[in-house]
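Let me begin by presenting the structure, written as structure tokens, before commenting on it.
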2 protein chains.
Amino acid sequence: MNNNVNSLYVLSAMNRSGYRTTTTRRKIIDAIFSLGNSFTVDDLIQNLPDLGRATIFRNVKVLKDLQIICQVFLDNGQSVYQLDFELNLESHHHHLICSKCKCIQEFNSKELESLLQSVSEAMSFEINTHRLELYGHCSSCKASEPVEVSVSDR
Amino acid sequence: MNNNVNSLYVLSAMNRSGYRTTTTRRKIIDAIFSLGNSFTVDDLIQNLPDLGRATIFRNVKVLKDLQIICQVFLDNGQSVYQLDFELNLESHHHHLICSKCKCIQEFNSKELESLLQSVSEAMSFEINTHRLELYGHCSSCKASEPVEVSVSDR
DNA sequence: ATTGATGCAAAGCTTTTGCATGTTG
DNA sequence: CAACATGCAAAAGCTTTGCATCAAT
């Protein structure tokens, strides 16, 4: 893996935006890369026990502001973050979120965008942004699907 | 307005699911109708100062479980609730959320659903559910739009 | 009467803030 | 050395829980 290179890239991007390059930031960014596809702030806190929580929160906020990571909301409202510059440096996109392994795939679709545009025009609504999240099972989890068991709660 | 009738309808739906009909519930449901299009738990707390917060949280949860209200996530991750049975007793739908007046319109589209289906098939992803939220300005807020001012923060 | 519902206060979580100290440029 | 970053602890929100009391069936 060339996560080292990636970390350096992120650090320099932050630097260009006026943020200093610190060991702590390096550790946080390394951790984000090592966590792979998606992560929560708590993942970072767990993986970086020697850093203060406040620092982690502050840096996650910076990374989000710089659009280096993006925030994705899970089905239950919980939010996870994801590196936003691997697949798309500039482009708008959506997420396919696996409810089982929590992996996140991205996609975008011109068709979709124009469809949304026409829907909103029909309702004379002016879209600024939108968020679309698909929840389900990714290909590998789908393959290892056990027999369905239904549990009623309450 | 026939919100009275609506409240009674909700109460009886709850009753059918085994929840007792209480004055407190009646007050909460009335408040939801009077708040109109969408509301937060805090709106309810503000509007019902004589009820305990815990009770309000518990009942919102019940209403959500019974799918009488649905939870919508705003741009910033904050969640608001909305009556889910006015426009659609059964049908899946999406939201157009006005960032200015916070009103929420609903829509659905067969085209959209089939488009999503084909996207996910292309990525061999199995969709269970999805959430789509459009943020922008509704027709009335769009009309009263002031001249644009850009403010940089940070 | 029995079981569910409520209110209060306390506890839990997650995130933010103030401030003294350490580091970077 | 000036400005920024960090760590700690405290504070701030928001939501849940335990428990005694109250109300509905």
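Quick note on labels: first sequence line is chain A, next is B, and so on, each numbered from 1. Bear in mind that the values here come from a model prediction, so they are computed numbers and not experimental data.
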Inset, instruction - Would you please confirm or rule out a distance under 4.0 Å between OP1 or OP2 of D/dG7 and any side-chain N or O of A/T55? - result: yes

Legend entry - Close side-chain approach of A/E113 and A/H130, heavy atoms under 4.5 Å: yes

Legend entry - Between P of C/dG25 and CZ of A/R16, the distance in whole Å: 15 Å

Legend entry - Rounded distance (Å) that lies between atom P of C/dG7 and atom CG of B/L44: 13 Å

Legend entry - d(NZ, B/K27; P, D/dA23) in whole Å: 11 Å

Legend entry - Heavy-atom check, side chain of A/L8 versus side chain of A/R26, under 4.5 Å: yes

Inset, instruction - Determine whether any donor atom in the side chain of B/R25 lies under 3.5 Å from an acceptor atom in the base of C/dA5, or the reverse, and answer yes or no. - result: no

Inset, instruction - Check whether any side-chain heavy atom of B/I69 sits under 4.5 Å from a side-chain heavy atom of B/Q82, and report yes or no. - result: no

Legend entry - Listed nucleotide nearest any side-chain atom of A/T24, set C/dT14, D/dG7, D/dA24: D/dG7

Inset, instruction - Quickly work out the A/N15 CG to D/dA3 P distance and round it to whole Å. - result: 18 Å

Legend entry - Gap between atom CG of B/D30 and atom OG1 of B/T23 - 0.5 Å precision: 11.0 Å

Inset, instruction - Measure the distance from CG on A/L63 to P on D/dA5 and round it to the nearest whole Å. - result: 12 Å

Inset, instruction - Using a heavy-atom cut-off of under 4.0 Å over every strand shown, decide if A/N59 touches base, sugar-phosphate, or nothing. - result: sugar-phosphate

Inset, instruction - Name the nucleic acid region contacted by A/R58, choosing base, sugar-phosphate or nothing; use a 4.0 angstrom heavy-atom cut-off, strictly under. - result: base

Legend entry - Nearest-angstrom distance from the residue atom CD1 of B/I45 to P of D/dT16: 11 Å

Inset, instruction - Calculate the interatomic distance between B/Q46 atom CD and D/dC14 atom C1'; express it in whole Å. - result: 13 Å

Inset, instruction - Assign A/R53 to base, sugar-phosphate, or nothing according to its heavy-atom contacts below 4.0 angstrom with the strands shown. - result: base

Inset, instruction - Check the distance between D/dT16's P and B/D42's CG and give it to me in whole angstrom. - result: 14 Å

Inset, instruction - Would you kindly say whether B/N15 and B/R20 are connected by a side-chain donor-acceptor distance under 3.5 Å? - result: no

Legend entry - B/R20 or A/A54, whichever maps to the more 5' nucleotide of DNA chain C: B/R20

Legend entry - Side-chain N or O of A/T22 closer than 4.0 Å to phosphate OP1/OP2 of D/dT6: yes

